[in-house]
Amino acid sequence: MLLDLEMDGRRLRVRGLEPDDEPDVLGMFEACEDWFSHAFGQPAMPGDVQSLYYSLPDGAEFENKAILVIEAEGRIIGLIDAVREYPDRGACSVGLFLIQPDCRRFGLGRAVASALISSLAADGCTEVIASVAEGWQPGLKFLDALGFVSEVPREAAHANRNLGPGERPTVRARLRTSAASHSASFDRK
C-alpha cells in the first residue's frame with residue numbers, strides 16, 4: 001500500500017494495481033466512457049487494462065513505471081499511471097489520473113493528487129508532469145486547481161501502443177515541487 005487517507009469520513013487507499021483488480025478496473029474504464037471517447041475517439045476496450053503494463057514513453061525505464069489504483073470503501077474508484085525519473089532525473093510523469101464519474105467533484109482526486117505530490121516531493125521529486133487530452137476541460141481545470149502550468153498541445157505519441165482512431169493531442173502541464181534531497185520513488189507493494 002502506498003497511501004492511506006481519510007476524507008469526509010471516507011477511507012481512501014492508494015496501492016499498486018494487482019492482477020485480480022483487472023475486472024474492477026475494466027468496469028471503471030467502461031464507466032469512464034466520457035473520458036475514453038474524448039481522449040481516444042472510442043469507448044474503453046477489454047485490452048486497455050493490459051496495455052497499461054506495456055505503455056511506456058520512449059526512453060523511460062520499465063522499473064520506473066507505477067500503476068496505482070485508488071480505493072474507497074473497498075471499491076476501485078480511480079487509476080493512476082505514472083513513470084518516475086522521466087523525462088529527466090527528479091521528474092515524475094503522470095499519463096493517466098482517472099476517477100470514476102460518480103466519485104468526481106467531491107475532492108477525492110484532489111486529496112489523492114495532493115498527497116501523492118507531497119510524497120514525491122519528500123522523496124526528492126522536483127517536478128511532476130501531467131498529460132491531459134486537448135479540450136478535456138475537467139482534467140485541465142483539475143490540473144490548474146493543483147497549481148500545474150499548462151503547455152501548448154502536442155500530437156499524441158505512440159508510447160509503445162497503437163493510437164486510437166480519434167486520439168487527440170495531449171496538453172502537458174508541469175508542477176515544480178519543493179523536493180527534499182532524496183530521489184523520487186513509489187512503493188510498489
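What you see is a predicted model, and the numbers here were worked out from it, not measured in a lab.
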Using 0.5 Å steps for rounding, measure from the [atom1] atom of [X] to the [atom2] atom of [Y].
| X | Y | atom1 | atom2 | result |
| --- | --- | --- | --- | --- |
| Gln137 | Leu140 | CD | CG | 5.0 Å |
| Ile76 | Glu22 | CD1 | CD | 11.0 Å |
| Cys92 | Leu120 | SG | CG | 5.0 Å |
| Phe142 | Trp136 | CZ | CH2 | 13.0 Å |

Sidechain-backbone polar pair: [X] side chain, [Y] backbone, donor-acceptor under 3.5 Å:
| X | Y | result |
| --- | --- | --- |
| Tyr86 | Leu56 | no |
| Ser119 | Leu116 | no |
| His38 | Glu33 | no |
| Asp24 | Asp21 | no |

Do you know the tightest heavy-atom contact between [X] and [Y]?
| X | Y | result |
| --- | --- | --- |
| Gly109 | Ile99 | CA-CD1, 4.1 Å |
| Leu146 | Ser114 | CD2-OG, 3.7 Å |
| Glu127 | Cys125 | O-SG, 3.2 Å |
| Ile129 | Pro87 | CD1-CD, 3.3 Å |
| Ala130 | Phe148 | CB-CE2, 3.9 Å |
| Pro101 | Cys32 | CD-SG, 3.6 Å |

For Glu73 and Arg10, run salt bridge (charged side-chain N to carboxylate O under 4.0 Å, His left out): C-alpha distance rounded to whole Å, both residues' side-chain angles, the deciding distance at 0.1 Å, then the answer.
-> CA-CA 7 Å; Glu73 300 164 354; Arg10 289 180 90 172; 3.8 Å; yes

Does a side-chain heavy-atom distance below 4.5 Å link [X] with [Y]?
| X | Y | result |
| --- | --- | --- |
| Val149 | Leu175 | no |
| Val49 | Phe29 | yes |
| Ser131 | Val94 | no |
| Leu2 | Leu68 | yes |
| Trp35 | Leu96 | yes |
| Glu85 | Glu61 | no |
| Met28 | Leu98 | yes |
| Val83 | Pro57 | yes |

By salt bridge (Lys or Arg N to Asp or Glu O under 4.0 Å), which residues pair with Asp81, not counting sequence neighbours?
->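 Asp81 satisfies salt bridge (Lys or Arg N to Asp or Glu O under 4.0 Å) with Lys65 only.
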
Might you confirm whether atom CE of Met45 has over 12 heavy atoms from other residues, nucleotides or ligands at distances under 6.0 Å?
-> no

Test side-chain contact (heavy atoms from CB on, under 4.5 Å) applied to Ile67 and Leu79, step by step | CA-CA 7 Å; Ile67 306 169; Leu79 186 125; 4.2 Å; yes

Sequence neighbours excluded - salt bridge (charged side-chain N to carboxylate O under 4.0 Å, His left out) pairs with any residue from residues 99-111 |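 Sorted pair list: Asp34-Arg104, Arg75-Asp102.
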
Are Asp4 and Arg15 ion-paired here, with the side-chain N under 4.0 Å from a carboxylate O?
-> no

Asp48 and Phe36: CA distance, side-chain angles, deciding distance, side-chain contact (heavy atoms from CB on, under 4.5 Å) verdict | CA-CA 10 Å; Asp48 286 340; Phe36 276 91; 3.7 Å; yes

For the pair Leu12 and Val112, evaluate side-chain contact (heavy atoms from CB on, under 4.5 Å) and give the outcome as yes or no after the intermediate values.
-> CA-CA 8 Å; Leu12 301 175; Val112 169; 4.1 Å; yes

